[in-house]
Amino acid sequence: MQRRTLLKALGAGLALGGPAGRLAVGETAVLPDLVAVRNGEPDALFDRGIEALGGIGRFVKKGQTVVVKPNIGWNVPPERAANTNPHLVRRIIEHCLQAGAREVSVFDHTADAWRSCYRTSGIEQAVRDAGGRMAPGNRESYFQTVAIPAGRRLREAKEHELVLQSDVLINVPVLKSHGGTRLTIAMKNLMGVVWDRGYWHLNDLHQCIADFATYRQPDLTVVDAYNVMLRHGPRGVSAADLVNMRAQLLAVDQVTADAAAARLFGLEDPTEVGYIRIAHEMGVGRMDLENLRIQRIAL
Amino acid sequence: MNQTWLKKIRVVVALVFLALTTLLFVDFERLGESYAPAVLYLQFVPSLLNFTQTLALAATGFIVVLVVTLLFGRVYCSTVCPLGTLQDVVIRLADKIRKPRKVKFKPQKPYSWLRYGVLALTVGLFLSGSVLALSLLDPFSNFGRIAGDLLRPLFVAAHNGYGQLLESFGIYGPFPLHWKAPPLATLIFPALFLLGLIGLSAFKGRMFCNTLCPVGALLGLISRFAIFKIQVPKDACTLCAQCSIHCKAGCIRLKTQEVDFSRCVACFNCINVCEAHGIGYARSRSVKSRPLSPPPLLQREPGVSRRAVLHAGATALVGWASLPGSNPLAAEPGRIAPLKTGPVAPPGAGDIARFNALCTACHLCVSACPQDVLQPALLEYGLSGLLQPHLDFATRYCSYECHRCGQICPTGALQPLDLAAKQIVQLGVARFIRERCIVHTDHTACGACDEYCPTKAVHMVPYRDGLTLPEVRQGLCVGCGACEYACPVRPDRAIVVEGLTVHRQARRPVAKPLERETLDAFPF
Ligand code: SF4
Ligand code: SF4
């Protein structure tokens, strides 16, 4: 109870800032909109990438609570890259704690049975090793209904309490092919903080994904493109579905992250992915990479 | 000779077995899995059935039980058998509640016609292909259903309640345990059985064990020939009657100073209360008296019954031996036999008819299934398959990465398959009904089925306006039900798995190499 009240107070304080508050920070002007790093291990890529984006301190302040949201949807081992790379998750948590985060929580509303996913993905172990907190996401009681005023098809959703209460949300998707939506990257990864996603499938999935993106832009998006599943996504059949790209994308705007990731995946035009186009049109973020500041780094 | 130490050991062993067996059913995932084989080894019916399937060393536990019975009588009934110990617990609790009685138990009639009749019926039905009687009477399976179906939800609720309490203080404590409510009607049998058992044991001691339990009857037959028996020392006996009024089986007759050892469950109560410290184990040859009021049936029957039992084993063996020819797990990959819609049996069941004839519905697999996809059947398999597990895809599906049920099935009704083998067993085949699919009806993207399919038996093919539509490649389908589970269309889903009466082999997915291998520069 105490925790919740406290967190709500903190959350309210922060909400006043919002995305606009962040843009007001003076140094943002010279920072890139997108950092693309390649040729390294996931943890090294993040070290370099976050530095280029202004350091973790830009996103996580002392005493704050953080939710790191990887993709842990599938009961498959790390080498199959259907889930976010555990080394990356671990490194992000370490950075957050170094920046003075009070608590770093990790969860997913998984597709496969959640206990199996947490374990097999290697993420439960990684979180524990890093000093973070693995939280359950499998019970409806953890989720609270929120309104999505800007949504066209999706007007409300049940969102995990941790996301509601935390000061900082870091979205850490893995780039994969997806049979239904072509690609799953950042915006689609946020389906894992929602309980009632069956509705999305029934009511224009692309629109719903974009609608939910209007609700809350994560503070930071880190796209894991270390191993990229080029086909048979989102679950994959075997490691033969993967390309070892050894890359990572970091951005504040998740539409930008998704657009860049789509290009990385091999699409000529990010608008081939319905939700990226819609989110751009709705003004959630920008997919016009040609007009954005991109910092490319090769390790 | 003072044998009072026997009871102390007996009680400790019994409680250990009871506790471990209970945990096996209520918390398999965290606790049970590690020691399951050790606890299951000695369970009589599962071990016997398993042996007829595998002839494996790991299934020889029933032989150990038989040997011990031939030496010391039904030691099994008061140590290994969880249902026996459960009754002892009930007796204890009942004694705590009611006012103290001097005469705890009265001598009981042998009811030999009943117990041997039940045994004969159980064996007879089993041999004729119906495991139903055995399944409804086997003590291990009944205990499994009590612990797994009735106790587990309470355990899970208590555990998760505690977790929630911690959460209200901001601590994400132990992860919640999962449990999925089975169809309510499947709980009727275990619930009635438990009520009956409580009533019977509270007032009549171990009466179940000497009337309805087929294992009790069988071991009773053998213990007639035990080398060591509990006997009343006629010279030392003061006729204080302590042994008789403490005998849970009601098998001591003071008039003749005899113990009906076929009904003795070896609880050793008598040894501890005997004033003369006389009653206890002795070489059975030293007793010269005639058998206690021999039941009419028995004088003629034992030979027959024993033969029947041997016959049971033999027939079952022959049945298994003849299987490989029809063994579905060895069937030609890709061969298409006519489809039949029906229940989906767990991986390792092979031929559903064989599975139905062997599974005693102990529900260990139901408790152990990490997906909760295994649920007790009502009449899905027909009456004879009552309560046997089937896969219910409405709310769950079978995990591609799991092969647990076959590994732990104690009767061999589910054969153990290693993961690679299990991943190509075809339990059923998915059928896509385009007219219901929302890509077709609503003209929006979906592909939930394709998302979940582990083999890409369902994959998306181009449809109209950039949309993609599911398509099923039956040869790749393992019948895991993930697609049916994921399909959001209601009330009738657009993709459903039709169970196979004989499991087949699916094609193993082959992967063509990708064109790209590395990333040399960013494309933006
Ligand atoms: S193999 Fe399938 S049915 Fe058997 S325990 Fe595992 S998930 Fe359950
Ligand atoms: S098509 Fe359906 S049932 Fe068959 S393997 Fe794929 S998900 Fe499982």
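We name chains A, B, ... by the order of the sequence lines, and we start the count at 1 in each one.
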Using heavy-atom distances under 4.5 Å, tell me whether [X] contacts chain A through its side chain, its backbone, both, or neither.
{"X": "Asp372(B)", "result": "neither"}
{"X": "Cys453(B)", "result": "backbone"}
{"X": "Pro513(B)", "result": "backbone"}

Is any side-chain heavy atom of [Y] closer than 4.5 Å to one of [X]?
{"X": "Asn160(B)", "Y": "Pro176(B)", "answer": "yes"}
{"X": "Ile185(A)", "Y": "Tyr275(A)", "answer": "yes"}
{"X": "Arg286(A)", "Y": "Val255(A)", "answer": "no"}

Could you have a look at [options] and say which one has the most heavy-atom pairs with chain B under 4.5 angstrom?
{"options": "Leu289(A), Asn244(A), Asn75(A)", "answer": "Asn75(A)"}
{"options": "Ala260(A), Ala82(A), Ser116(A), Ala247(A)", "answer": "Ala260(A)"}
{"options": "Gly198(A), Pro77(A), Ala135(A)", "answer": "Ala135(A)"}
{"options": "Arg139(A), Arg235(A), Met245(A)", "answer": "Arg235(A)"}

Heavy-atom contact with chain B under 4.5 Å, split by part of [X]:
{"X": "Glu268(A)", "answer": "neither"}
{"X": "Asn39(A)", "answer": "neither"}
{"X": "Ile297(A)", "answer": "backbone"}
{"X": "Leu202(A)", "answer": "both"}
{"X": "His201(A)", "answer": "both"}
{"X": "Leu242(A)", "answer": "backbone"}
{"X": "Arg182(A)", "answer": "neither"}
{"X": "Leu264(A)", "answer": "both"}
{"X": "Trp200(A)", "answer": "neither"}
{"X": "Ser141(A)", "answer": "side chain"}

Under 4.5 Å, heavy atom to heavy atom, which residues of residues 456-468 of chain B contact chain A? Lys456(B), Met460(B), Thr468(B)
Residues of residues 395-405 of chain B under 4.5 Å from chain A (heavy atom pairs)? Tyr397(B), Ser399(B), Tyr400(B), Glu401(B)
Do you know which two heavy atoms are closest between Trp195(A) and Gly137(A), and how far apart they sit?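 So the minimum-distance heavy-atom pair works out to CZ3-O, 4.2 Å.
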Distance alone, cut at 3.5 Å: any donor-acceptor contact between the side chains of [X] and [Y]?
{"X": "Thr444(B)", "Y": "Asp204(A)", "answer": "no"}
{"X": "Glu451(B)", "Y": "His178(A)", "answer": "yes"}
{"X": "Asp211(A)", "Y": "Gln207(A)", "answer": "yes"}
{"X": "Arg133(A)", "Y": "Ser105(A)", "answer": "yes"}

Report, as yes or no, whether the 6.0 Å neighbourhood of atom OH on Tyr35(B) holds more than 12 heavy atoms from other residues, nucleotides or ligands. yes
Anything under 30° is parallel, anything over 60° is perpendicular, the rest tilted; go ahead and classify Tyr142(A) against His160(A). parallel
Hey, can you tell me if Trp114(A) and Tyr118(A) have their rings parallel, tilted or perpendicular (30° and 60° cut-offs)?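 Trp114(A) and Tyr118(A): perpendicular rings.
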Salt bridge check: are Glu29(B) and Arg115(A) linked by an N-O gap of less than 4.0 Å?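 Here Glu29(B) does not pair with Arg115(A) in a salt bridge, since their nearest N and O are not under 4.0 Å apart.
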